[in-house]
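Residue numbering restarts at 1 for every chain, and letters A, B, ... go by the order of the sequence lines.
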Amino acid sequence: MQESELIKQLQLGNHDAFRSLVEEYKDRVYNTCLGFLRNPEDAEDMAQEVFMKVYESVGDFREDAALGTWIYRIAVTKSLELIRKRKRKKRFAYLQAFLNPEEDPNTTADSDFFPHPGIAVENKERAEILMKAIEKLPEQQRIAFTLHKLEYLSYKEIARVMDNSLSAVESLMHRAKKNLQQELFDYYQSD
Amino acid sequence: MKNKEAIHKEVEKTMHALDGLERAATDDYFFSRLEARIDNRYDEKAEPAFSWGIAAVMLVILCNIATFFYFAGGAGYSEAGTEEITAMAEEYSLTVPSVYEYEPEINE
């Protein structure tokens with residue numbers, strides 16, 4: 001089915017069209033969410049949220065962007081929203097712990113490293129170090145680097161997802177690599 | 001302190017740790033779970049949610065109905081009650097005589 005026809009059918013509420021869309025994009029969405037959230041349950045939950053959003057908003061979808069770009073955009077936005085929410089919660093938990101020292105703040109969600117299932121066994125240790133360094137990147141650099149490394153999106157595709165120019169994405173990737181090299185250098189130096 | 005060159009080598013190796021990574025995949029039941037979740041959400045939306053506004057309006061309407069029936073029931077006087085009032089008015093000479101009841105005195 002052509003994309004424009006698929007969009008038309010989705011807007012008409014065609015169940016089969018929605019099913020074929022989910023089947024086509026579910027792994028890309030799940031993998032993207034997993035890249036940001038680093039937890040399989042959260043990624044599954046978030047992937048479902050993404051498709052629910054698609055289901056509810058496809059009526060308003062104007063074909064300014066490709067369907068895939070729009071879906072990636074929702075996946076990235078929603079994953080980052082959850083991360084920000086968790087960070088706020090964590091700060092609040094620390095504040096509570098400060099005010100009430102008998103209670104320990106819950107830090108398990110961030111301290112546990114989830115090895116991405118696609119990482120080769122021999123790379124697991126290094127991948128963990130790199131993933132932790134990626135988390136420290138500024139948000140825009142992190143989005144660009146994650147989409148490129150985990151989803152193999154080209155800079156052009158990343159530019160469309162991030163609603164940015166190609167040169168802006170190239171610059172983001174360049175800075176991301178520099179920052180990661182510095183972060184890793186500091187890590188190995190202090191190790 | 002480690003050799004700078006060795007550290008740079010480590011950094012380069014680590015920078016490529018995600019190369020060749022395979023995409024993580026969901027299982028075959030993802031769509032079924034998604035469908036169930038969508039149905040649940042729409043069922044929840046279909047159920048009327050409790051609203052304080054609606055509750056307040058209902059309470060005002062109920063008060064109005066109760067007040068109406070209360071006063072509508074007590075508005076009519078019973079016959080016994082009317083007789084009692086008339087008797088008391090006569091006893092204390094509270095009745096106002098009508099012009100037609102006036103009997104002029106006749107001087108003989």
Side-chain angles (χ1 to χ4, degrees), chain A residues 15 18-23 26-35 40 43-45 47-52 54-56 114-120 122-134 145-146 148-152 177 180-191, chain B residues 1-70:
Chain A
H15 180 267
F18 182 62
R19 189 184 187 118
S20 75
L21 173 95
V22 173
E23 293 300 337
K26 64 175 186 168
D27 292 344
R28 297 185 220 185
V29 170
Y30 175 72
N31 192 47
T32 304
C33 296
L34 189 63
E44 156 96 19
D45 192 55
Q48 287 185 8
E49 283 284 329
V50 170
F51 286 111
M52 284 168 89
V54 169
Y55 182 80
E56 286 165 1
F114 168 71
H116 190 285
I119 296 169
E122 64 271 20
N123 278 340
K124 274 205 160 56
E125 201 181 320
R126 287 187 189 280
E128 179 178 345
I129 297 163
L130 181 58
M131 294 284 243
K132 282 181 177 168
I134 293 170
F145 196 85
T146 305
H148 184 63
K149 280 286 176 185
L150 267 74
E151 267 300 302
Y152 297 109
K177 281 176 188 169
L180 284 173
Q181 281 167 339
Q182 186 59 52
E183 181 67 32
L184 292 174
F185 186 86
D186 293 344
Y187 171 82
Y188 284 115
Q189 202 173 31
S190 62
D191 192 26
Chain B
M1 194 173 149
K2 284 182 183 174
N3 182 331
K4 258 193 174 183
E5 204 178 320
I7 294 173
H8 276 299
K9 271 187 182 173
E10 285 293 305
V11 169
E12 275 314 298
K13 275 186 188 172
T14 306
M15 283 294 285
H16 292 98
L18 296 176
D19 289 0
L21 177 126
E22 279 176 37
R23 178 183 280 155
T26 57
D27 59 29
D28 295 338
Y29 303 104
F30 180 84
F31 185 74
S32 308
R33 289 195 296 274
L34 173 67
E35 230 179 357
R37 195 161 161 181
I38 289 172
D39 289 345
N40 277 345
R41 184 170 282 191
Y42 279 89
D43 285 348
E44 277 170 22
K45 277 186 181 172
E47 282 172 19
F50 178 79
S51 155
W52 283 105
I54 292 171
V57 170
M58 292 299 287
L59 188 70
V60 170
I61 291 170
L62 276 174
C63 285
N64 275 319
I65 292 169
T67 311
F68 173 77
F69 280 111
Y70 180 76

For A:L150, which atoms come within 4.5 Å of any heavy atom of chain B: side chain, backbone, both, or neither? both

Taking all non-hydrogen atoms of both residues, which atom of A:F145 and which atom of A:K177 are closest, and how far apart? CE1-CG, 4.1 Å

B:D28 atom CG, over 12 foreign heavy atoms within 6.0 Å: no

What residue in A:F18, A:F51, A:Y152 has the most heavy-atom pairs under 4.5 Å with chain B? A:Y152

Whatever's closer than 4.5 Å to a heavy atom in chain B on A:D45 counts as both

Looking at B:L18, is its backbone amide N or carbonyl O close enough to the side chain of A:N123 to form a donor-acceptor pair, meaning the two atoms are under 3.5 Å apart? no

For A:E44 against A:Y30, the heavy-atom pair lying closest together: N-CE1, 3.6 Å

Portion of A:A133 that has a non-hydrogen atom of chain B nearer than 4.5 angstrom: neither

Listed partners of A:Q181 passing side chain to side chain donor-acceptor pair (under 3.5 Å), at least two apart: B:E12

Any residue meeting side chain to side chain contact (heavy atoms under 4.5 Å, CB included) with A:M52, in chain and number order, not counting sequence neighbours: B:L34, B:R37, B:I38, B:R41

Quick one: which of A:E151, A:E122, A:E125 has the most heavy-atom pairs under 4.5 Å with chain B, could you say? A:E151

For chain A, which of B:A25, B:A24, B:A17 has the most heavy-atom pairs under 4.5 Å? B:A24

A:Y55 versus chain B, heavy atoms under 4.5 Å apart: side chain, backbone, both or neither? side chain

